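Accompanying notes for the structure given below.
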2 protein chains.
Amino acid sequence: MEKKLNILLAEDDDNLGLLLHSFLKSKGFNVELLRNGKLAFERFNQAAFDFCIFDVMMPEMDGFTLAKEIREIDKKVPILFLTAKSMKEDKLEGFSIGADDYMTKPFSMEELLARIEAIMRRSETTQNVEDDVYMIGNIKFDSQSRLLYTQGEPTKLTTKENQLLKLLCKNKNEILDRQATLRAIWGDDNYFNGRSMDVYIAKLRKLLREDDRIEIMNIHGKGFQLLVKN
Amino acid sequence: MEKKLNILLAEDDDNLGLLLHSFLKSKGFNVELLRNGKLAFERFNQAAFDFCIFDVMMPEMDGFTLAKEIREIDKKVPILFLTAKSMKEDKLEGFSIGADDYMTKPFSMEELLARIEAIMRRSETTQNVEDDVYMIGNIKFDSQSRLLYTQGEPTKLTTKENQLLKLLCKNKNEILDRQATLRAIWGDDNYFNGRSMDVYIAKLRKLLREDDRIEIMNIHGKGFQLLVKN
DNA sequence: AATGACTGTTAAAAAAAGTTAAGCCCTTAC
DNA sequence: GTAAGGGCTTAACTTTTTTTAACAGTCATT
């Protein structure tokens, strides 16, 4: 599950500020809007932000000064500057402070979003391996290594068995929609893929048969449901 | 002790290409200039680059296609696009591929430098081991010298073994796409190259067998995944 | 109860991958 | 020049995985 990103937005122009605020919120970010650099700096020190967007020209404390202050205490947090017109000297100064990007007004919201995502992609830790371990009744299932710890020797699942069982586990006790599952695993929900899925459901039932509290139930015309009783 | 950055530059216009080449060289980078996307892709797979600068419009293979191919096998290397004029759709497409930045011609050399440095500052902090040395479980693998430090005598890998293992390492715990890998290492994803690759997978499995936490797993119809259990 | 769409299950067919060995090509050594 | 060896590809055969077929059973609706 993705964590919501906290964005610190410093912009004195209310028109633009509110627009950005609502746009970014609509895109699933947490956004705090501050009217000048001084307030933004105070706020930065109170909470944990993942991303900064600063207007260069602001009363009280301009964007560059704000960025410098912040770089004193945080070398890594990404900072993106907004400026009224394309001033080459400004750009250079911004980058020398340690800006990660730079946008000239006016700009499109889509582009802003794209840049935020590009910057965040880089800073994301690429090596976080979520452990995909589920308990189905008292049968352990490790989707990462594709092992199902049945009695005796663990069973090594095939790619498709693994994908399907994982989806069932993620939706344990809920209905797993037939068409959505087909599109997710097989890419297309045509007749033959549907039959293929039914074959895999049969395989999984056979594997899980040893624990009789486990049931993969069919909801006619809707999909399947992994049920684990008491 | 800063290591010299290797920059892959793909630009078909010789005027701009040579200008960029000499400018960046003068700033202390190693730069390789290729005239089209196809050549650039081949080169990318032969050496280790830290940064890519691609013109969008090029013969043989355009910058976007090139970037897509590269992203299949390397999710992290920074890519900066150059384009003749500011086309919003182009920008968006570029970012969606996973571009890190975007510059519209004409631009100043200083700004280019500033952007490269901004991008590198970020990726430096996140990745510190790009010396082509990987740890696979407790087996050390130095792709530079092609040595795999197995028990007893280190094994000297062949070119293909080395290339394949390196790609697997770069995508550790992720799926390495079969077709993309074939295009990257063999240049073409026909049937026989596919079989050749399977032979090399078998060789690598044999070499890595001594550590049973290591597994090269097949994802049927998709590719391979180097899995290292903790 | 009859109909047709949907599901359960097993088996056969097809496609993909695992493995070992033979063959080919290029380089190096005699 | 030719023999030897390494590296890569191709071949051959096996096994695994997935799809398709076939047939039986179920469910909702009429």
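Lettering of chains follows the sequences in order, A, B, ..., and the numbering in each one begins at 1. Because only heavy atoms are used, hydrogens play no part in the values below, and waters and symmetry mates are left out as well, while side chains stay in. Source: prediction; values computed, not measured.
Separation of the B:Phe54 and B:Phe64 ring centroids does not fall under the 6.0 Å cut-off.
Each of C:dC6, D:dC8, D:dT19 was ranked by its minimum atom distance to the side chain of A:Val199; first place goes to D:dT19. Closest contact between the side chain of B:Ser196 and the listed nucleotides D:dT9, D:dT19, C:dA17 involves D:dT9. Picking from D:dC8, C:dT9, C:dT19 the nucleotide with the shortest atom distance to the side chain of B:Thr159 gives D:dC8.
Residue whose closest nucleotide on DNA chain C sits further toward the 5' end, between B:Ala202 and A:Gly221: A:Gly221. Comparing B:Lys203 and A:Arg195 along DNA chain D, the residue whose closest nucleotide (by nearest heavy atom) sits nearer the 5' end is B:Lys203. Judged by closest nucleotide on DNA chain D, B:Arg146 is the one of B:Arg146 and B:Phe192 placed further toward the 5' end.
Under a 4.0 Å N-O distance rule, the pair B:Arg183/B:Glu69 qualifies as a salt bridge. Using a 4.0 Å cut-off between charged nitrogen and carboxylate oxygen, B:Asp198 and B:Arg178 count as a salt-bridge pair. Under 4.0 Å is where a charged nitrogen must lie from a carboxylate oxygen, and between B:Glu42 and B:Lys38 no such pair does.
Within the structure, salt bridge (charged side-chain N to carboxylate O under 4.0 Å, His left out) contacts touching residues 146-159 of chain A (residues at least two apart or in different chains) are A:Lys156-B:Glu215.
Counting non-hydrogen atoms under 4.0 angstrom, B:Phe224 reaches the backbone sugars and phosphates but no base. Across all strands, B:Thr158 comes closer than 4.0 Å only to sugar-phosphate atoms, never to a base (heavy-atom distances). Contact annotation for A:Asp198: base contact, defined as any heavy-atom pair under 4.0 Å involving a base atom.
Rounded to whole Å, atom P of C:dT9 lies 7 Å from atom CZ of A:Arg209. If you take CG of B:Asn162 and C1' of D:dG7, they are 14 Å apart, rounded to a whole angstrom. The CG-P distance, from A:Asp188 to D:dT20, rounds to 11 Å in whole Å. Nucleotide C:dT10 holds its P atom 4 Å from the NZ atom of A:Lys206, rounded to whole Å. Here D:dT18 presents its P atom at 17 Å from CG of A:Asn190, a figure rounded to the nearest Å. Between A:Gln179 atom CD and C:dA5 atom P there is a gap of 16 Å when expressed in whole angstrom units. Across the protein-nucleic acid pair, A:Leu207 atom CG and D:dT17 atom P stand 12 Å apart, rounded to whole Å. Atom C1' of nucleotide D:dT19 and atom CG of A:Asn193 are separated by 9 Å, given to the nearest angstrom.
Phosphate proximity of D:dT18 to A:Trp186: absent, as no side-chain N or O sits under 4.0 Å from OP1 or OP2. Considering only side-chain N and O atoms, A:Lys222 lies nowhere under 4.0 angstrom from the phosphate OP1 or OP2 of C:dC6. The side chain of A:Arg205 contributes an N or O atom lying less than 4.0 Å from OP1 or OP2 of C:dT9.
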